[in-house]
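The next block holds one structure in the form of structure tokens; read it before the comments.
Computed over heavy atoms, backbone and side chain alike; hydrogens, waters and symmetry mates excluded. All figures in this text were calculated on a predicted structure; none of them were measured in a lab.
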There are 2 protein chains.
Amino acid sequence: MESWTAAPEDADTQMSLHETLVARLRQLMIEGPLASGQRIPEAELCRRFGVSRTPLREALKVLAAQGFVLLRPNRGAIVAPVDPAQIGPIFELKGALERLIGLTAAERVTPADLDALAALHLDLDAAVRRSAIEDYTRLNYAFHKALARISGNALLCESYETLQQKIWRYRFLVNEDFSRVAESFAEHEQIMIALRARTPLDLAARLEAHNQRTCDAMIEAARKTLADSGAPER
Amino acid sequence: MESWTAAPEDADTQMSLHETLVARLRQLMIEGPLASGQRIPEAELCRRFGVSRTPLREALKVLAAQGFVLLRPNRGAIVAPVDPAQIGPIFELKGALERLIGLTAAERVTPADLDALAALHLDLDAAVRRSAIEDYTRLNYAFHKALARISGNALLCESYETLQQKIWRYRFLVNEDFSRVAESFAEHEQIMIALRARTPLDLAARLEAHNQRTCDAMIEAARKTLADSGAPER
DNA sequence: CCAGAAGATAATGAATACAATCCATGGGGA
DNA sequence: TCCCCATGGATTGTATTCATTATCTTCTGG
């Protein structure tokens, strides 16, 4: 709970105040403490972070531009509601990016990249064997982020990361889905093979399929979750 | 003309000051008055727009998040420099989106959509016959934007529009390229055919090819322009 | 004459103050 | 009793003020 006031890891670089606020607020929304649809009173956040309203509002504007908060004129900001109906469109777009990542990464990957990814892949394997879902999710995120980097397209990386962060907010819906983890790792094996073989079309297809299956699993999990609790959070 | 900056249907609604500033500043940077790399002194913009620094700074933060301006801590903001080396990556990403737009639009297009696009297509034809490059460019923008809408994926539309705006800042490099306009329109003919036929793969391929050719033309034009003027603007 | 440093000046970063808007509560009238 | 409207509190939007940083000028020493 005190993680509110503690900055994660930006001690060294001189970030302007509003920038750190952007990071911390986004973290709170992604990690959960700021629930979907919840109102965000400026005054309270100012007290929490010990800053004035000016940098806080600047941070909120940035987060609104990134789609994490909703600014309603004269009516304050709310955490952008997570709408299960948006899972499909988000993954649809991500699929297009995954394909491009596959096409380009297969051609531009270096041995060093392969080593780094292989290390992550091993960590993923260990997480699967330990049934450490939380670790797996985190490592999976890092794996795909690293893969995006290999594409060599900074803009693509940035867009991809933004999408991943959007999706991350829905992950609580599939937290308990153990079976998907094993399946997911099996797909990762194939992805690594395609990457080592440097076969663009194959890698792209596998990434797209991986994305599609993850999407299906998440939609199914959302359906179940929402079916259980008649009325979700308000 | 004003269809760029804001959704068409919220023209009258009360926009907060910072929101209008975002739109107007982006307009200035896209249209040209604010040149690439140029410093943006807050004071001057405040005088220009007749507002105080607070909403102006909020607008700059948003534009920085969108990649239109570069905020250097304690050193002011500059218009994000247009780097010819970025043309490739931008179009590469746009190609992925074009493909997705093609795949989905072909399946989800309605007769009404077709009528609206056909009207734009006719306008494009007229612009070609009049050799009205400026009109063609603008209509072309509207055409692809409308096509993106047909995909039914709001997130895709948004990402696509942001990319288009980034690219728009490079258009001065190809303003004088008449031949490409005729070629471009011919490609649009094929795009309309594929859309009417509702053939996803064909439409996607044609949109990707269209995108690739536009990219090549722009890179070539940039090469020429930069070769002519030894040292670009600073 | 040039290089480096110290101070002046102007710009940005942040905080506070003021104005406008919204929401809730309560009173008056039908 | 119920509905409408007015008024008060609270919250957001904007302007102004203070603090900090960078840049430019100028002066001094080599």
**OP:** Please list, chain by chain and in numerical order, all residues satisfying side-chain hydrogen bond (donor to acceptor under 3.5 Å, both in side chains) with Asn140(A), sequence neighbours excluded.
**Re:** His144(A), His188(A)
**OP:** Please collect all side chain to side chain donor-acceptor pair (under 3.5 Å) contacts where either partner lies in residues 87-96 of chain A, sequence neighbours excluded, each pair once.
**Re:** Glu92(A)-Arg108(B), Glu92(A)-Asn153(B), Lys94(A)-Glu98(A), Lys94(A)-Asn211(A)
Original post:
What residue among Lys145(B), Lys166(B), Arg149(B) forms salt bridge (charged side-chain N to carboxylate O under 4.0 Å, His left out) with Glu161(B)?
Top reply: Lys145(B)
Using whole Å, report how far [atom1] of [X] lies from [atom2] of [N].
X: Glu58(B); N: dG13(D); atom1: CD; atom2: P; answer: 8 Å
X: Glu44(B); N: dT12(C); atom1: CD; atom2: P; answer: 11 Å
X: His18(A); N: dA15(C); atom1: NE2; atom2: P; answer: 13 Å
X: Arg47(B); N: dA10(C); atom1: CZ; atom2: P; answer: 13 Å
X: Leu70(B); N: dT12(C); atom1: CG; atom2: C1'; answer: 16 Å
X: Phe49(B); N: dT14(D); atom1: CZ; atom2: C1'; answer: 17 Å
X: Glu19(A); N: dT12(C); atom1: CD; atom2: P; answer: 17 Å

Subject >> Contact under 4.0 Å: Thr54(A) side-chain N or O vs dA14(C) OP1/OP2 >> reply: no
Subject >> Sequence-aligned protein contact record of nucleotides 7-12 of chain D, with B where the base is within under 4.0 Å of a protein heavy atom and S where only the sugar-phosphate is >> reply: ----SB
Original post:
For Phe91(B), which residues count as a ring-ring contact (aromatic ring centres under 6.0 Å, His included) partner, sequence neighbours excluded?
Top reply: none
Original post:
Does Pro41(B) have any side chain to side chain contact (heavy atoms under 4.5 Å, CB included) partners at least two apart in sequence or in another chain, and if so, which?
Top reply: Glu44(B)
**OP:** Name all pairs fulfilling the salt bridge (Lys or Arg N to Asp or Glu O under 4.0 Å) condition that reach into residues 61-79 of chain B, sequence neighbours left out, sorted by first residue then second.
**Re:** Glu58(A)-Lys61(B)
